[in-house]
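To start, the structure itself, in structure tokens.
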Amino acid sequence: MKAPRLSLSQDIPGEILEQIFFQAALSSELDEDPLLPLKSLNLVSQQWRSAFLSSPRLWRNLGSLRIKGPNYRPRPQTDSRFFQGLKRHLARAKSQPLIFSFDQGLTYNNGDFQAAVQTLTLLSQYATQWYDVELCLQSGVLNALAGVKGRFELLEKLSLAIRDGTPSPAFLHRLNSAPRLECYSIQISGHHWDEPQLELNLPWPQLVKYHERTALSETWFHRAITSSPRLQSLECDFHGGFPPIFADIPLRHACLTRLGLQFDTFDSRFFQSLVLPALLDLYVVASIATTIFSDIASLITRSKCLLQSLTILPRYEYWHELSGKVTHVLGVCPELETLCVNGLPRSDMKELVGAWAEGGRDEEGVGKSGQTWLPKLVPKLRRFTFQYSLVYPSPESDYSALNLLARAREEMYRNGVTQQLLEMNIITGVGEDLFLRLLRQLESLPSIQAPAMAPMIHWAEVLRLQLNKTHTEPRFRYSWVPHTPRWYKALVGLAQVVKEMEAYSIVGSDIGLLYRTNIPALLDQVASLPSSMLSPSQVAGFLDRLRKLLERWKPIIIEDARVNRWWMRRGINRFEYVHRDSGWREADARVWEMVIGAPAKPMRKKKL
């Protein structure tokens with residue numbers, strides 16, 4: 001008698017099953033372990049496992065290979081298992097084009113060094129199969145690349161990052177024999193007191209993307225833009241010396257769509273020689289501010305390009321002296337959708353706000369009934385990013401202007417003048433003090449010197465003690481004062497704080513006082529602590545009382561934030577503007593995230 005089938009999955013033909021596996025692997029191609037979705041599927045049956053192991057194209061992606069450090073001490077058994085698995089993976093891939101990234105990490109001990117050399121030597125034996133490769137190495141292991149043999153027949157994308165050194169000349173010369181190389185990125189970091197002579201012997205005519213970030217004074221910008229007619233994306237840094245000054249005849253490139261430049265010189269005249277009619281994305285970081293805006297505007301006007309994304313980040317302290325310069329650039333970008341700056345004079349911000357067609361607008365940006373609000377500049381703008389600089393902090397007026405811009409563009413959207421809401425972000429440095437200071441400016445919260453802030457500041461400090469978020473008090477070597485245990489201070493302070501917070505009448509009070517000291521977020525974190533992390537005394541009563549207090553306060557804070565909060569923290573260094581009709585204001589759980597902070601937007605790793 002024929003044995004009954006246990007599952008309909010056994011009826012799937014092998015070639016269809018293999019195609020399903022391949023599509024699943026493609027969906028995670030940029031993940032560290034691209035085969036992770038398949039490791040459970042291959043356990044369904046012997047047929048599925050056979051299809052999984054016998055399909056070479058499922059094994060073409062090696063994923064992210066890393067050497068742990070800096071305190072990592074490799075064990076022979078662990079290393080043996082790693083290299084055996086890598087060898088099996090390479091053997092199952094057979095002749096398939098290989099995709100992988102190898103990061104040596106910040107490793108300095110001999111064991112890590114040997115592991116990096118061993119891994120790179122093994123990968124070099126399959127160099128003829130390299131297709132999309134990222135290498136992040138230290139100079140000490142570069143000799144392993146000298147052993148690469150044969151031509152890079154399949155190589156299309158290569159990203160090379162070198163710490164404290166320069167790549168092997170022999171390896172770079174072999175890249176000229178890569179008949180399919182289209183995307184190339186080189187990054188060299190560290191100080192070079194005796195700067196080496198490095199020559200890139202690349203197949204320039206076939207390059208589509210060339211990204212260069214080095215600490216060397218020499219640059220291959222001119223070579224790339226003059227010798228690569230198919231080039232679409234070009235990024236380059238200039239260090240020590242003037243950027244290339246081209247001839248009086250304009251230099252035209254018909255295909256370049258993205259240009260990213262960083263330079264620390266005080267000469268931007270080379271913009272005047274470029275003609276880039278296909279340019280869509282321009283990114284500029286410069287040490288000069290007085291001429292960069294006019295030169296960029298000249299480039300856009302002369303090229304007649306329809307720029308869609310613009311980033312201008314001059315390292316300049318006196319933004320108020322640049323009044324009108326940003327407006328001049330935006331005036332020649334009618335199709336602009338994305339704008340990123342690290343400062344904006346108030347006069348330029350007002351131009352972004354727009355103007356009423358009839359009778360103007362009042363000081364708060366609110367129009368009178370029957371009037372139509374039309375944007376003066378960049379009507380298609382959908383994303384604006386203000387990159388806060390710690391070196392040159394912006395005045396409070398900048399942040400009130402940002403609120404005015406956000407609400408003005410929101411009104412335009414409501415009136416049908418623009419087709420999408422303006423997404424606004426502020427990128428800041430990392431630090432709780434900086435976050436609270438900017439939050440106060442954005443939300444017009446009470447000053448930290450306000451008399452009513454005194455108890456809030458004390459509450460916040462005690463709550464941080466429970467989370468171990470304050471610095472340890474210094475212990476003086478020669479002192480007769482005994483050191484009080486940290487947990488004892490935290491516990492004694494918590495008893496009084498819990499009592500004061502329970503007696504505080506939140507209804508009818510200024511909840512901005514709580515926002516200013518970040519107490520809702522701190523209270524939420526303390527209430528979420530597992531009991532295993534707390535002392536028996538805390539578990540006995542204080543934690544339960546704090547949780548009950550949070551339950552009582554939370555609905556009141558949520559209703560206040562639903563109406564009065566406009567900026568939300570995303571991740572550790574970003575603010576995001578929340579529009580009046582945003583989905584964040586609907587569900588209570590999302591409004592609460594507006595108060596305590598939401599996770600950063602997931603970012604998938606980008607390939608060249």
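In summary, Asp588 and Arg562 engage in a salt bridge, as defined by a charged side-chain N under 4.0 Å from a carboxylate O. Using a 4.0 Å cut-off between charged nitrogen and carboxylate oxygen, Glu235 and Arg258 count as a salt-bridge pair. At a threshold of 4.0 Å, the pair Arg569-Glu432 counts as salt-bridged, since one of the basic side-chain nitrogens sits closer than that to a carboxylate oxygen. The residues Glu337 and Lys380 are annotated as not salt-bridged, no charged nitrogen and carboxylate oxygen being separated by less than 4.0 angstrom.
When all heavy atoms of Val595 and Ala561 are compared, the closest pair comes out as CG2-CB, 3.5 Å. In terms of heavy-atom proximity, Glu593 sits nearest to Pro599 at OE2-CD, 3.7 Å. Of all non-hydrogen atoms in Pro446 and Asp510, the two that sit nearest each other are CG-OD2, 3.5 Å.
Side-chain atoms of Glu443 come within 3.5 Å of backbone N or O of Trp566 as a donor-acceptor pair. Looking only at distances, no side-chain donor or acceptor of Asn425 sits under 3.5 Å from a matching main-chain atom of Thr385. At least one donor-acceptor pair under 3.5 Å links the side chain of Asn403 to the backbone N or O of Leu442. With hydrogens and angles ignored, the 3.5 Å screen pairs a side-chain donor or acceptor of Asn342 with a backbone N or O of Pro314. Arg552 places no side-chain N or O within donor-acceptor distance of the main-chain N or O of Lys554, the cut-off being under 3.5 Å. Using a distance-only test at 3.5 Å, with no hydrogens or angles considered, a donor-acceptor pair links the side chain of Thr257 to the main chain of Gln232. Formation of a donor-acceptor pair under 3.5 Å by the Arg580 side chain with backbone atoms of Arg585 is not found in this model. Looking only at distances, a side-chain donor or acceptor of His579 sits under 3.5 Å from a matching main-chain atom of Leu422.
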Full working for side-chain hydrogen bond (donor to acceptor under 3.5 Å, both in side chains) between Asp560 and Tyr515: CA-CA 11 Å; Asp560 178 85; Tyr515 296 150; 2.8 Å; yes
Met453 vs Ser447, test: side-chain contact (heavy atoms from CB on, under 4.5 Å). Steps then yes/no. CA-CA 8 Å; Met453 288 295 300; Ser447 170; over 6 Å; no
Going through the checks in order, is the side-chain contact (heavy atoms from CB on, under 4.5 Å) test met by Leu339 and Leu330? CA-CA 9 Å; Leu339 175 64; Leu330 298 183; 4.1 Å; yes
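Taking CG of Leu513 as the reference point, atom CD1 of Ile519 lies at 8.5 Å (rounded to 0.5 Å). The CG atom of Asn573 lies 11.0 Å from the CG atom of Leu438; values are rounded to the nearest 0.5 Å. Separation of atoms CD1 (Ile457) and CD (Gln449) is listed at 8.0 Å; rounding is to 0.5 Å. Going from atom CG of Leu514 over to atom CE of Met456 covers 5.0 Å, rounded to the nearest 0.5 Å. Once rounded to the nearest 0.5 Å, the distance linking OG1 of Thr428 with CZ of Phe575 reads 6.0 Å.
In this structure, the side chain to side chain donor-acceptor pair (under 3.5 Å) partners of Asp581, at least two apart in sequence or on a different chain, are Arg414.
Only one option out of Thr311, Val329, Ile296 pairs with Leu282 in a side chain to side chain contact (heavy atoms under 4.5 Å, CB included); it is Ile296.
Under 3.5 Å, the side chains of Trp459 and Glu500 contain a donor-acceptor pair of N or O atoms.
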